[in-house]
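Structure record follows, encoded as structure tokens.
Chain identifiers are assigned alphabetically (A, B, ...) following the order of the sequence lines, protein sequences preceding nucleic acid strands; residue numbering begins at 1 within each chain.
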2 protein chains.
Amino acid sequence: MAHEHAMPADLTRNQELVLGALNHAPAPLSAYDILDRLRGDGLRAPLQVYRALDKLVERGLAHRLESLNAFVACADAHCHRKGLIAFAICEGCGKVDEFADAVIEERLGGWAAREGFKVERTTMEIRGKCAACLQAA
Amino acid sequence: MAHEHAMPADLTRNQELVLGALNHAPAPLSAYDILDRLRGDGLRAPLQVYRALDKLVERGLAHRLESLNAFVACADAHCHRKGLIAFAICEGCGKVDEFADAVIEERLGGWAAREGFKVERTTMEIRGKCAACLQAA
DNA sequence: AAGCGATATGTTATGTTATTACGCTTGCGA
DNA sequence: TCGCAAGCGTAATAACATAACATATCGCTT
Ligand SMILES: [Zn+2]
Ligand SMILES: [Zn+2]
Ligand SMILES: [Zn+2]
Ligand SMILES: [Zn+2]
């Protein structure tokens, strides 16, 4: 059930390898995790991974999870989201759920407007236990 | 202007030093920034700082900003918040604004309830430019 | 086809953030 | 006074990220 993501045709080799690694992983990967999985494909240095990740994140094909220092492929395979995205991260199994909420976006926008704060980027990450892991416990 | 924070009486020496450093800083500090400022007070190793930070964060006297790998003193000096806290971080001057929003909390709670996800911790960080910095530009 | 700029690459070294492991000390109640 | 819990000190190491520099590749213009 894992993947079957759209893989854009104009990625470079390294970007394609990195996105492939993320797509096949059931949980977020750190840059070094990715590097380890791609040594067989010729990658040797962290920078090769970080550079690819930068591009992928920029294009919305992958996301950085700040509270984990790790990365996931975008779960919204065909129309990578533009607005605020929230992530729910299970501490048990590592599964990441990605969702958007217009009301939250509007509340943040309201706060920013009142304060005169210009928002450039928002990160929102919920840590906890997913339903499956709670069940299993 | 800067501080005038309540400093709980039951802190250990290291915790007091670390919280003092955070209180006197106009912007978030990394653990190593803190260490550098406290070498004169006898601190030598990162762990001394990390241990103090753990306790301070646990008690809500300080917060960790995940998107910065840095820490701030809680701005809500007398009644350290319990619920979800959002941080607005200015990329220009480093100022951090801390606020709570019940509607956002309720939306997240709703999502979690629908998904059967048990929330343990939420981080919410807005990066951008504060009013003062926009003015100055 | 030659020239050029923008983008991507490879490699080494280094910088920054965080933790593990171990042992000692102190305070405090059983 | 024994035992435990919390705190402390130190050294070593792990994990995450970037700087600096040299080449290479591609698309575009001439
Ligand atoms: Zn996405
Ligand atoms: Zn789970
Ligand atoms: Zn606070
Ligand atoms: Zn500012």
Is [X] near enough to [N] that one of its side-chain N or O atoms lies under 4.0 angstrom from OP1 or OP2?
X: R44(A); N: dT11(C); answer: yes
X: T12(A); N: dT9(C); answer: yes
X: Q48(B); N: dG9(D); answer: yes
X: N69(B); N: dT16(C); answer: no
X: S30(B); N: dT17(C); answer: yes

Could you report the tightest heavy-atom contact between V49(A) and A31(A), atom names first, then the distance?
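So the minimum-distance heavy-atom pair works out to CG1-O, 3.6 Å.
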
For V57(B) versus R64(B), what's the shortest heavy-atom pair and its separation?
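Closest pair (atom of V57(B), atom of R64(B), distance): CG2-N, 4.3 Å.
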
[atom1] of [X] versus [atom2] of [N]: gap in Å, rounded?
X: E58(B); N: dG7(D); atom1: CD; atom2: C1'; value: 13 Å
X: L47(A); N: dA20(D); atom1: CG; atom2: P; value: 12 Å
X: D10(A); N: dC26(D); atom1: CG; atom2: P; value: 14 Å
X: L29(B); N: dT17(C); atom1: CG; atom2: P; value: 11 Å
X: L53(B); N: dT19(C); atom1: CG; atom2: P; value: 11 Å
X: L65(A); N: dC16(D); atom1: CG; atom2: P; value: 13 Å
X: L35(A); N: dA15(D); atom1: CG; atom2: P; value: 13 Å
X: I34(B); N: dT17(C); atom1: CD1; atom2: C1'; value: 12 Å

Answer with yes or no after comparing the ring centroid distance for H63(B) and F87(B) against a 6.0 Å cut-off, counting only values under it.
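Yes.
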
Residue whose nearest DNA chain C nucleotide is more 5′ - R51(B) or L68(B):
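Taking each residue's closest nucleotide, the earlier one in sequence belongs to L68(B).
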
Which comes earlier along DNA chain C counting from the 5' end, the contact point of N14(A) or that of R64(B), where each point is its nearest nucleotide?
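Comparing both residues, the 5'-ward one is N14(A).
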
Pair up each side-chain donor or acceptor in residues 109-123 of chain A with any protein partner under 3.5 Å, not counting sequence neighbours, and list the distances.
from: R114(A); atom 1: NH1; to: G110(A); atom 2: O; distance (Å): 3.3

Identify, between A45(B) and D33(A), the residue whose nearest nucleotide on DNA chain D lies closer to the 5' end.
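Nearest-nucleotide comparison on DNA chain D picks A45(B).
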
With nearest nucleotide decided by heavy atoms, which residue, Y32(B) or R13(B), maps closer to the 5′ end of DNA chain D?
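In this pair, the answer is R13(B).
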
Does E125(B) form a side chain to side chain contact (heavy atoms under 4.5 Å, CB included) with E66(B)? I'd like the steps, not just the answer.
CA-CA 8 Å; E125(B) 299 176 15; E66(B) 299 286 359; 3.7 Å; yes

